[in-house]
Structures are given as structure tokens and as C-alpha cells.
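So you know, we letter chains A, B, ... as the sequences are listed, proteins then strands, and number each from 1.
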Number of protein chains: 2
Amino acid sequence: MVRKDRVPRAPTIYDVARVAEVSHQTVSRYLSGVSPLRPASRERVERAIQELGYRPSLTARALARGESRTVVALTGELLEVGTVQLVEGVRRAARAAGYVLDVMTYDASDPDELARTLTSIRPDVAGVLAIADTDQLREAVDRQSPDLLVTVTEDAPGANTVEAHLAIARHLIDLGHDRVTYVAGPRDWRSARTRLRAFEQAATGLAGDRLFAAGWSAAAGYEAARLLTDPTAVVCANDQIALGVTRALAERGLDVPADVSVVGYDDMPESAYFSPPLTTVRQDFALHGAHAFRRVLDRLEPDVPREPLPAVEDHLIVRGSTAARRA
Amino acid sequence: MVRKDRVPRAPTIYDVARVAEVSHQTVSRYLSGVSPLRPASRERVERAIQELGYRPSLTARALARGESRTVVALTGELLEVGTVQLVEGVRRAARAAGYVLDVMTYDASDPDELARTLTSIRPDVAGVLAIADTDQLREAVDRQSPDLLVTVTEDAPGANTVEAHLAIARHLIDLGHDRVTYVAGPRDWRSARTRLRAFEQAATGLAGDRLFAAGWSAAAGYEAARLLTDPTAVVCANDQIALGVTRALAERGLDVPADVSVVGYDDMPESAYFSPPLTTVRQDFALHGAHAFRRVLDRLEPDVPREPLPAVEDHLIVRGSTAARRA
DNA sequence: CCACCCAAAGTTACCGGTAACAGTTCGCTT
DNA sequence: AAGCGAACTGTTACCGGTAACTTTGGGTGG
């Protein structure tokens, strides 16, 4: 009670109604926009809202409507990947559509944690968006709450993963490379496989090994590089892996790009400042995120017509980590 | 209606009450834990909850209690800084305390956006945590809703920023350096100033310039490095800046560490794989985040006794970017 | 000029919890 | 066995909205 006195309670529609001299339902109708108000009432309501600084309680609204405007973004380790940027893009899109994005992360190394995290999702969320698109997550969600899931993948309509990898392949061929190793992301990630598939499709002419890194990190790339067998170029599933690979090559006494060329993917903000600056593919994460959220939205509000989003266009950025094959 | 049929409504306390043959209030009491139940009722309630798979509606609870368990984390660009990791630490702590963390980001380059973002904060949130601790944010929040703010700073109790900078200074002195430039983070960030102050306090013996970078990014570090006047070592406010500085030095034909030593701060996961691997200070972001959230919690629930958190201990990690001063 | 219709506005119930107060029940005293 | 307080449990109201139904009032047609 002390508390209630100290914190002046926020005005409600009843307050607005009293000031505007209408019923609370009229205010509600004004807010929702269904069924028009007579100009006179409308104006009074507007003025009352202004005067009181009224703002609707999302909590009450969610309760009354039996649905919330919260979407959960599920992901494992947030720090390793371009995930953050994706999440950020999703968040922007969600907010623009009036949703709140609740990011939940779980420790992927603990097999139970995912299940626990899933059960701890509030049942009243509008949807769940799996950002980290692993098999593990997919299975767990399929099992526990198949109704809600929408996943992010790069086979999403509008993605041009294959074109991007084609550009990489062409670039390397132009430089005279012919033994090209691909270091993929972790095997159980869809997007890792998608990128690998795209590369294989694009690089039919380029012989070479295909490795899977244990993660998306520089450390994983460094580890994977142990298995490298004298390639002329290495294409990596993301920039961090490329960084790890570059480091491993340097420790073997191989110079990038003089001895081996290295290509990344994602164009993280730091890539341009690596030594050497990394040739990579720029992704528009914000747009990717918007696409991902759009898919959720299409499912949540199927009847609302929407402008299609522009297609994603990832494109190659050539920097210092690629050079002509040594004679 | 179609919808309501399709989606079986989640069980409520009334359902539980019916099955357990008690009143809904008894169920509520069981859930809240105040006033004990008779073993017989308690057991029936427990069984009913089990059977129905009941889970409380946070929405209804928030409405009834007149407060939500949502805390907003406010930050500018999420991608540039160690911010993500901090946010992640805060999120973990929040979830552990039963709170949901809603991250809101704003575009710091647009002066109006912050104000707009602030007004778009739902009035029923429990608290606001300013992650990006800039003057701009501080002022805006002070003006608009001074009641809620708790900020993250590194002068937080338990931080050992000064000790960490002392370790850096000692390390450089041991290596024989005497012209040490400090490249600080952006001037309007508290933590940038805190780190600078800590460095100055620690490095009384080391003459050298103090520069401010325009951001926390590699690009900002690269830009700031234009102003470098032949130091023997450069200490940077974070690893990204250090990366940019290293790059700029390389382009001037200076080798790190042979000609100039470079030190970073934060130990981002990639730093160990830079060329050369970066000497830096490891921060326990999770713990930093936990401290930050604890401060919010202490304000929200002042009466709950809590174990103090362990003190943060950032410590120096020496890698390849520092070496003895060239003879 | 009145019956009738439709748009606008009002009333009441409900969403799923919590709070405050009003019963019950039980164990123990006398 | 009645009396009594403490410990449980039940009843009712309320949080701030929305939904469904009812009422009101002005315009139109016969």
C-alpha cells in the first residue's frame, strides 16, 4: 500500500473514459480502431488520452486477448556466431510489428538444458523462433511443442547462398587455385550443411577436402586446420573459422595469401582489420533477421497482407587474404 | 472461436482447484508458498498440478500483482562492444531470479531515437538497466524516467579495473617500454573514461599520449591510430580497437610486436587467434552482468537477503602482441 | 407521424491470477 | 464437552483490458 501511494498508478481506460465522459468500452474501441466513433466522442477521447498521458497496459491486453505479443528467440551460445546480428535483425523486425522478442539461450553442451529451457518457455508466447538452427534444437522442439516452431534457415526464400558461393568459386578459379579445401561449420547445424552444399554445387571444378569444424569459433577453425593437406586455398563457413585457420597456417610457416588463400563468410565488422584483411561474403543480417521474423508473422497473422521483403543479396568482398596461386 | 477450439486452453488454477477439490485460492497459496497447506490438501494440489501439467500464467500474475517481472536492458549498437556478452550475463542472472530481460537497442547516431525508445518502454516494466553507459543515455533517462534507472559501470563494487591496468603497466615496464600511448574508447562513455582513469592511475611512470577513439570498433581504432606518434607500446580500451591499431601500424610498415607492442582489453574469443595473438585482459562478462543485475534486484526487492556475489577479477593474459622494447 | 433499422455507445462478463477478509476446522485447555 | 485461538480454507473483489450482448438515439420509409 505504501508502495501504491508512492508510485502513482498509471492511468487506465477507465480514467480516460471518466475524463472523456464516455464508457470505457468506447475508449477501447477507439484504441482498437474497429467500429468508428462519432467525431465528437472521438475527439474527447483523444484529448483525454493526451491529457492523462494514457498508455495501454500490454499485460492486461495480453490477458484479455488470451495471447501475448511476445516471440521467443531460441539460440545456443549467443557469442560465437553471427547470431547476435541475426537476433538484432529479428528484434528490429519484431518491434516494428509490435512484438517483443525474448531471447532465450541454452548451453548446447548440456543435453538436458535444451529440454529444460523449452519447458520453461511461457506457454502464452505467440511463437518461438529457432535462431540456432541445429538438429538438436529442431528435434527437441518437434517433440515438445511442434505447434509453435518456425526456424531460421538459409534456404529461406530470398537467400542467395548459392550465388555467393559461386562468386567465391569464380574468384578462386580466376586466381588459378585448384586444390580448395572447404571448412564447414559444425555438422549438426543446418546452415553449416546448407553452406557446404552451396559450395559443392558452386565449386564443381575445384578438387579438395571437405572438413567440419567443431563449432563456429576461431578455436574450432584452428583445430580443424590440423587436418589440412596442402591446399592452395581454404574456404571457411564463417569469418571466425577463417581466422583460426589463418592462425594455424601461420604457425605452420605458411603465409596467407602468398602460400595459401583464405576466404571467410559473414563479413564480421573486424574482418577488414585482420592480418591480412579477410576476403569474405557480406551478409545483410538485419534483412536476414527481418525475413526470419516475417515467417513467424505470416504464421501468427496469416490474414494481414504485407509487402514482400526485398531479397537478400549476399556478395563477395575481396580483400587481402586471397591472391593468385603461387607459381 | 475456431481458434479457441483448436488450441486447447492451458489449465488454470481453477482447473487445478476443481481436480484437487479445493478452492482456487488454496492453489494460489500453494504456488506462492505463503501460509502452509495441510499435508492432505498440499498433496492433492500437487497431484492435480502434475496431472494437468499446469503452468502459471505470467501475464495474469503480472496484472494481478500490478508489476511485471520484466527488466529492460537498454543499449545502443549491440554489435560493436563486449556488450553482447554483458547482456548475456545479465540475462542469465535475470532469468535465475525469475525475471525476463527485454533488450532494447537504439541507434545512437540518431539523437531522437533514444528519446523515442525511452518513451516506448512499457510503463509496467520493473526496471531499466542501461548497458551502454553513455552520457547521452544517462541524461535522457534522468530526464524522462529517473525512477527506474540503474546503470552498469565498472566502478561497480567488486570490479578491479585499476588492478588490471596495473598489471598491464607492470608488464610493459618489465619489457622496457617507456613511451606508451593509451587509445581510449569514445569520450562520452563512462566505462571508457573509467578505463582511461584506471590506466593513468596505474601508469604514472609511463609517458605517452592519450587518444580517444570514435567508437569501440576496429574501424575506430584504425582511425585513431593516425594520431600515433612513435610510441613503443599502445594500450587500447578494448580488443577491437587494438585490432584496428595493429592493422594501421602494419600498414605503416611497423611490426607488432617487434617495433611496437599492443595491448587490448576484454579478451574477445577471437583475440587469441589474431596475428599476432593479442595480449589483453580477460573479463568475466557473465559475472559482470550478474553484478549489474544484482544492483537492479537490490532495488526491486530490497528486503530479500542475498549472498554477495564473488568479486570480479579481470586479469592480464600475455600473448604475442607484446614483446621487449627493441634495442 | 410512427414503426423500424442501424450505427454508436453502454453494460456485463471474463481473461487468470492475487489480496483482503470471512468462515471453518482442529487441537488443546479447562 | 464446551471454549478458544491458531491454522487452514473459502468467498468476493480487483488488476486493466477485450468480447458479446443490450440499449439508446437519430434517420428513413410507409
- Query: Do NZ/NE/NH1/NH2 and the carboxylate oxygens of Arg92(B) and Asp107(A) come within less than 4.0 Å?
  - Reply: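 A salt bridge is absent here (no side-chain N lies under 4.0 Å from a carboxylate O).
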
- Message: If the threshold is 4.0 Å, N to carboxylate O, is there a salt bridge linking Asp135(A) and Arg138(A)?
- Response: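 Answer for the salt bridge query: no.
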
- Criterion side chain to side chain contact (heavy atoms under 4.5 Å, CB included) against Ile131(B), the qualifying member of Val103(B), Leu74(B), Val87(B), Val84(B):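 Output: one option passes, namely Val87(B).
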
Mark yes or no for whether [X], through its side chain, and [Y], through its backbone, hold a donor-acceptor pair below 3.5 Å.
X	Y	answer
His24(B)	Val16(B)	no
Asp298(A)	Arg295(A)	no
Arg95(B)	Leu101(B)	no

Tell me the interatomic distance from [X], atom [atom1], to [N], atom [atom2], rounded to whole angstroms.
X	N	atom1	atom2	answer
Tyr30(B)	dC8(D)	OH	C1'	17 Å
Arg18(B)	dG10(D)	CZ	C1'	17 Å
Leu31(B)	dT18(C)	CG	C1'	11 Å
Ile13(B)	dT9(D)	CD1	P	15 Å
Leu63(A)	dT18(C)	CG	P	12 Å

- Message: Other residues, nucleotides and ligands only: do more than 12 of their heavy atoms fall within 6.0 Å of CD on Glu46(A)?
- Response: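 Atom CD in Glu46(A) is packed in, count exceeds 12.
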
- Residue Glu43(A) excluded, over 12 heavy atoms near CD under 6.0 Å: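 No, the 6.0 Å shell around CD holds no more than 12 heavy atoms from other groups.
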
- Message: Assess, by modelled atom type and distance only, whether the side chains of Thr26(A) and Ser23(A) contain a donor and an acceptor separated by less than 3.5 Å.
- Response: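 Yes, Ser23(A) and Thr26(A) have a side-chain donor paired with an acceptor closer than 3.5 Å.
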
Which pairs, protein N/O on one side and nucleotides 7-10 of chain C N/O on the other, fall under 3.5 Å?
| from | atom 1 | to | atom 2 | distance (Å) |
| --- | --- | --- | --- | --- |
| dA8(C) | O3' | Arg38(A) | NH2 | 3.4 |
| dA9(C) | OP1 | Ser41(A) | OG | 2.2 |
| dA9(C) | OP2 | Arg38(A) | N | 3.3 |
| dA9(C) | N7 | Arg29(A) | NH2 | 3.3 |
| dG10(C) | OP2 | Ser23(A) | N | 2.6 |
| dG10(C) | OP2 | Ser23(A) | OG | 3.0 |
| dG10(C) | OP2 | Thr26(A) | OG1 | 2.7 |
| dG10(C) | N7 | Arg29(A) | NH2 | 2.7 |
| dG10(C) | O6 | Arg29(A) | NH1 | 3.3 |

- Is a donor-acceptor pair below 3.5 Å formed from side chain Tyr14(B) to base dG16(C), judging by atom type as modelled?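 No.
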
- Query: Of the nucleotides dT18(D), dG16(D), dT18(C), which one has an atom closest to the side chain of Ser28(A)?
  - Reply: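 Nearest listed nucleotide: dT18(D).
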
- Closest to the Arg65(A) side chain: dG16(C), dT18(D), dG17(C)?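 Out of dG16(C), dT18(D), dG17(C), the nucleotide with an atom closest to Arg65(A)'s side chain is dT18(D).
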
- Residues of residues 47-55 of chain A with any non-hydrogen atom less than 4.0 angstrom from an atom of DNA chain D: list those, numerically ordered, please.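 Close to the strand are Tyr54(A), Arg55(A).
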
